[in-house]
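Shown next, in structure tokens, is the structure this report addresses.
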Amino acid sequence: MSTVSSRQPDVTRRRILDAAFREFFRNGFQGGSLNRVVEGAGVTKGALFHHFAGKQELGYAVVDEVIGPLLLERWLGPLDGAADPVSAMQRSFRRYAQEDVKGGGYLNGCPLNNLAQEMSPLDEGFHARIHALYGLWRSSFAAALRRGAEAGTVRCDTSPESAAALLVALQMGIWGTGKSSRSAALMLEAAEAACEYLERLRP
């Protein structure tokens with residue numbers, strides 16, 4: 001068997017995941033259509049059910065394999081080894097608010113927060129996965145702020161856990177503001193306000 005053919009199932013599975021992410025991001029999980037997923041992925045429905053038992057399992061995989069890595073890329077990865085977490089967080093708030101406004105994605109909000117609002121009250125599998133990701137987000141922010149305090153780039157009287165909880169809530173609110181208001185200017189203003197709060201964490 002050739003390398004290309006041996007990898008084909010993985011390629012197909014990834015195409016389905018990416019198409020499902022786009023579908024659920026635009027239309028919500030409950031409103032999302034498996035027919036549109038297979039159309040977007042360019043596969044058959046049989047191929048989808050070969051890789052996923054049903055819509056619920058597909059949704060779980062989107063959280064685990066698409067949204068989780070996106071969280072790492074956008075918000076947690078930039079903090080790895082950062083002696084100045086305040087600046088790193090400010091860059092992320094500004095960069096991704098601006099990118100999402102430019103690309104129009106802000107109109108759909110935050111994919112993690114969307115699923116949290118829609119599915120956490122309804123499905124324990126979604127709740128557990130989403131709760132774990134938000135917990136990782138808060139603990140990573142808190143650890144970064146703690147390192148910053150040790151390095152002298154964050155005020156020593158800052159409570160890392162409290163600040164981290166607020167910062168994650170701010171992200172949820174900023175992207176939710178963009179979605180609900182459909183105002184790019186308001187979203188960017190809110191992102192800048194988060195950066196101003198971060199500035200006050202400096203010594």
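Start at 1 with the first residue, then count along the sequence.
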- Task: With side chain to side chain contact (heavy atoms under 4.5 Å, CB included) as the test, would you mind laying out the steps for Leu201 and Arg155 before giving the verdict?
- Result: CA-CA 6 Å; Leu201 300 184; Arg155 284 171 41 184; 5.6 Å; no

- Could you check Phe52 against Ile16 for side chain to side chain contact (heavy atoms under 4.5 Å, CB included), going step by step and ending with a plain yes or no? CA-CA 10 Å; Phe52 303 98; Ile16 294 168; 3.7 Å; yes

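Note that CG of Leu167 is 9.0 Å distant from CD1 of Ile174, once rounded to the nearest 0.5 Å. Between the NZ atom of Lys45 and the CG atom of Leu34 there is a distance of 6.0 Å, given to the nearest 0.5 Å. With values rounded to the nearest 0.5 angstrom, Ser180 atom OG is found 13.5 Å from Trp175 atom CH2. Rounding to the nearest 0.5 Å gives a distance of 12.5 Å between CG of Leu72 and CD1 of Ile67. From Leu133, atom CG reaches atom CH2 of Trp137 across 9.5 Å, with rounding to the nearest 0.5 Å. Taken to the nearest 0.5 Å, the CD atom of Glu124 stands 11.5 Å off from the CE atom of Met119.
The side chain to side chain donor-acceptor pair (under 3.5 Å) test applied to Arg13 returns Glu65, not counting sequence neighbours. Residues passing the side chain to side chain donor-acceptor pair (under 3.5 Å) test with Arg74 are Asp100, sequence neighbours excluded. In this structure His50 satisfies the side chain to side chain contact (heavy atoms under 4.5 Å, CB included) test with no other residue, sequence neighbours excluded. Not counting sequence neighbours, the partners of Ser140 by the side chain to side chain contact (heavy atoms under 4.5 Å, CB included) test are Leu76, Leu136.
Under the 4.0 Å criterion applied to side-chain N and carboxylate O atoms, Asp18 and Arg14 are assigned as salt-bridge partners. Salt-bridge annotation for Glu150 and Arg146: absent, with no side-chain N of the basic residue lying under 4.0 Å from a carboxylate O of the acidic one.
Side chain of Asn114 to main chain of Asn108: a donor-acceptor pair is present (N/O by atom type, distance under 3.5 Å, no hydrogens or angles).
Looking only at side-chain heavy atoms (C-beta outward), Val168 and Phe141 come within less than 4.5 Å of each other. Using a 4.5 Å cut-off on side-chain heavy atoms (C-beta onward), Asp123 and Tyr60 make contact. Taking the side chain as every heavy atom from C-beta outward, Arg182 and Leu107 approach each other to under 4.5 Å. Contact annotation: the side chain of Thr44 never approaches that of Val38 to less than 4.5 Å [non-hydrogen atoms, C-beta and beyond]. Side chains of Val86 and Thr153 form no contact here, defined as non-hydrogen atoms less than 4.5 Å apart. You'll find the side chain of Leu58 reaches within 4.5 Å of the side chain of Leu17, heavy atoms only.
Between Ser92 and Pro78, the closest heavy-atom pair is OG-CG, 3.9 Å. In terms of heavy-atom proximity, Leu145 sits nearest to Ala163 at CD1-CB, 3.7 Å. Shortest non-hydrogen contact noted between Glu73 and Tyr96 is O-OH, 4.0 Å. Across every non-hydrogen atom of Ala116 and Tyr134, the tightest pair is CB-CE1, 4.1 Å. Taking each heavy atom of Ala164 and Arg138 in turn, the nearest pair found is CB-O, 3.3 Å. Looking at every heavy atom in both residues, Ala88 comes nearest to Ala82 through CB-CB, 4.4 Å.
A donor and an acceptor atom, one from each side chain of Ser87 and Arg202, are located under 3.5 Å apart.
Here the rule is side-chain contact (heavy atoms from CB on, under 4.5 Å) with Ser120, and of His131, Arg129, His127 only His127 fits it.
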What pairs of donor and acceptor atoms, side-chain ones from residues 24-33 against any protein atom, are under 3.5 angstrom apart with sequence neighbours left out?
unit_1: Asn27; atom_1: ND2; unit_2: Glu23; atom_2: OE1; d: 3.2
unit_1: Asn27; atom_1: ND2; unit_2: Glu23; atom_2: OE2; d: 3.1
unit_1: Gln30; atom_1: NE2; unit_2: Glu118; atom_2: OE2; d: 3.2
unit_1: Ser33; atom_1: OG; unit_2: Asn35; atom_2: N; d: 3.2
unit_1: Ser33; atom_1: OG; unit_2: Arg36; atom_2: N; d: 3.1

Determine all donor-acceptor pairs shorter than 3.5 Å in which one atom belongs to a side chain in residues 185-197; sequence neighbours excluded.
unit_1: Glu192; atom_1: OE1; unit_2: Arg94; atom_2: NE; d: 3.1
unit_1: Glu192; atom_1: OE2; unit_2: Arg94; atom_2: NE; d: 3.4
unit_1: Glu192; atom_1: OE2; unit_2: Arg94; atom_2: NH2; d: 2.6

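Cluster annotation: Leu112 and Leu122 are assigned to the same hydrophobic cluster (Ile/Leu/Val/Met/Phe/Trp/Tyr, side-chain heavy-atom contacts under 4.5 Å, transitive).
Ring geometry for Phe93 versus Trp75: interplanar angle over 60°, hence perpendicular rather than tilted (30 to 60°).
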